[in-house]
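Proteins get letters first, then strands, A, B, ... in listed order; numbering begins at 1 in each.
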Amino acid sequence: MTDTTLTILIVGLLALMGVGLYGLLAVRNLIKVIVALQILVKGALLALVAAGAASGQVNLGQSLAATVIVADTVVAVVGLALAVQVRRTVGTLDVQALARLKK
Amino acid sequence: MDAWLVALLAGSVLCAIQAIRATRLLTAAIWLAGVSALVSVALYILGAQQVAVIELSVGAGLVTVLFVFAISIAGEEAMAVRGIVPQPVGLVLVIGAVALLAYMVLPAVGVGSPVIEGSFSQMLWEERGLDVLVQIALIFAGVIGVLGLIGEGKAVPAATAPDTAAEPAAPAIAATEDSTHPAEAVAEAVERAPVPELEEVHA
């Protein structure tokens with residue numbers, strides 16, 4: 001892998017992580033918060049594989065990326081189930097409404 | 001290769017921006033699937049074929065189906081445009097974080113040296129075997145968590161179902177909590193509460 005390719009990859013994954021981070025800060029809908037988290041993790045996934053490819057250890061990067069994919073999927077599943085339950089009990093998906101957990 | 005990578009990464013960033021900007025949740029889920037698909041093609045080009053296939057099937061397939069399923073249950077909801085953090089503050093924070101990451105990562109370009117390593121299966125099952133055990137534990141924890149969340153949602157209506165005849169009085173009492181005298185509040189609640197018909201009570 002050339003230095004130019006690695007630089008392109010780093011710029012791309014930083015942009016992805018930036019968009020995901022901004023989504024986490026700016027979005028109020030609980031399901032869209034999970035979407036933003038997924039985008040953030042896509043950038044981290046790309047970073048792992050890019051680091052592995054740049055250091056000549058692409059299979060090490062792949063094994064770490066597989067772990068990240070599993071963890072990310074479990075987070076998405078539990079987060080979506082939580083969002084559905086929040087919608088049933090609180091009646092809204094607005095994260096501002098969850099600031100007061102006491103009734 | 002570089003031109004393909006630039007196109008794929010630009011497309012994935014564009015899809016990510018659209019996913020954040022989308023007003024409908026279903027549209028956001030579809031844009032997220034686009035991000036996953038483009039990232040998986042980029043991973044394939046980088047030589048990570050196994051992870052690319054996993055990402056395409058899990059990230060763009062399974063997770064999107066789960067999003068659509070959850071949105072169909074929870075429903076679309078119109079949300080206020082204003083976010084938690086004011087937009088200028090959020091942009092400054094994100095630009096600062098990304099600049100810090102770039103400052104830490106970009107000097108590493110050109111430092112890496114080739115290392116001889118084993119195959120993917122050897123790396124995953126032998127050298128990173130603990131990770132596989134953690135993945136199994138994570139999957140079980142996720143399943144138990146989802147069962148706990150969904151199961152709790154089903155148990156609540158079943159427990160309150162036999163007491164439906166007494167339910168109408170409760171909101172009436174709650175509505176008169178600001179009265180000065182408790183006896184007056186109870187009297188108001190009795191007046192406001194709808195009297196159930198005799199047939200309904202026997203039924």
- Query: Relative to chain A, which segment of Val58(B) carries a heavy atom at a distance below 4.5 Å: side chain, backbone, both, or neither?
  - Reply: side chain
- Between Ile8(A), Val41(A), Thr7(A), which has the largest tally of heavy atom pairs under 4.5 Å with chain B? Ile8(A)
- Distance (rounded to the nearest 0.5 Å) between Leu16(A) CG and Ser12(B) OG: 4.5 Å
- Item | Minimum heavy-atom distance Ser63(A)-Arg128(B), with the two atoms named | OG-CG, 3.5 Å
- Task: Give, for atom SG of Cys15(B) and atom NZ of Lys42(A), the distance between the pair rounded to the nearest 0.5 Å.
- Result: 12.5 Å
- Top contributor to chain B interface from Val77(A), Val58(A), Leu82(A) [non-hydrogen pairs under 4.5 Å]: Val58(A)
- For chain B, the option from Thr4(A), Val75(A), Ile34(A), Leu13(A) that forms the most heavy-atom pairs under 4.5 Å: Ile34(A)
- Query: What do the steps show when you test Leu9(A) against Leu46(B) for side-chain contact (heavy atoms from CB on, under 4.5 Å), and what is the final call?
  - Reply: CA-CA 10 Å; Leu9(A) 274 172; Leu46(B) 286 174; 3.4 Å; yes
- Do Val98(B) and Met17(A) have side chains that get closer than 4.5 Å, going by heavy atoms? no
- Message: Within the 4.5 Å heavy-atom criterion, are Leu80(A) and Phe69(B) side-chain neighbours or not?
- Response: no
- Counting heavy-atom pairs under 4.5 Å with chain A, the top scorer among Ala28(B), Gly142(B), Ala74(B) is Ala74(B)
- Query: If you look at every heavy atom in Lys32(A) and Ala19(B), which pair is closest and at what distance?
  - Reply: CE-O, 3.5 Å
- So, the part of Leu91(B) with a heavy atom under 4.5 Å from chain A: the answer is both
- Contact part of Leu32(B) toward chain A, heavy-atom cut-off under 4.5 Å: side chain, backbone, both or neither? side chain
- d(Ile10(A) CD1, Leu9(B) CG) to nearest 0.5 Å is 11.5 Å
- Item | Selection from Ala42(B), Ala52(B), Ala22(B) maximising heavy-atom pairs under 4.5 Å formed with chain A | Ala22(B)
- Between Val35(A) and Phe67(B), is any pair of side-chain heavy atoms under 4.5 Å apart? yes
- Which answer fits Ala71(A), side chain, backbone, both or neither, if we ask what part of it has an atom under 4.5 Å from a heavy atom of chain B? both
- Given a strict heavy-atom distance threshold of 4.5 Å, which part of Gln87(B) is in contact with chain A: side chain, backbone, both, or neither? both
- Does any heavy atom of chain A fall under 4.5 Å from the side chain of Ala16(B), the backbone, both, or neither of them? both
- From Asp131(B) atom CG to Thr67(A) atom OG1, the distance as rounded to the nearest 0.5 Å: 4.0 Å
- 4.5 Å side-chain heavy-atom contact, Val63(B) and Asp72(A): no
- Query: Below 4.5 Å, heavy atoms only, C-beta onward: do Leu93(A) and Leu25(B) meet side chain to side chain?
  - Reply: yes
- Task: Examine whether an atom of Ser36(B) lies under 4.5 Å from a heavy atom of chain A, and if so say whether it belongs to the side chain, the backbone or both; otherwise answer neither.
- Result: both
- Item | Single hit among Ile139(B), Val134(B), Ile54(B) for side chain to side chain contact (heavy atoms under 4.5 Å, CB included) with Val70(A) | Ile139(B)
- Task: State whether the side chain of Gln62(A) and the backbone N or O of Val51(B) hold a donor-acceptor pair below 3.5 Å, judged by distance alone.
- Result: yes
- Supply the atom-to-atom distance Thr73(A) OG1 to Leu138(B) CG, rounded to the nearest 0.5 angstrom. 10.0 Å
- Item | Closest approach of Ala15(A) to Val13(B) (non-hydrogen atoms, all atoms of both residues) | CB-CG2, 3.7 Å
- Contact summary for Ala81(A) and Val146(B), nearest pair of heavy atoms: CB-CG2, 4.2 Å
- Per-residue tally against chain B (heavy atom, under 4.5 Å) across Thr5(A), Thr2(A), Leu6(A) peaks at Thr5(A)
- Query: Taking atom CD1 of Ile20(B) and atom CG of Leu21(A), what is their separation to the nearest 0.5 Å?
  - Reply: 10.5 Å
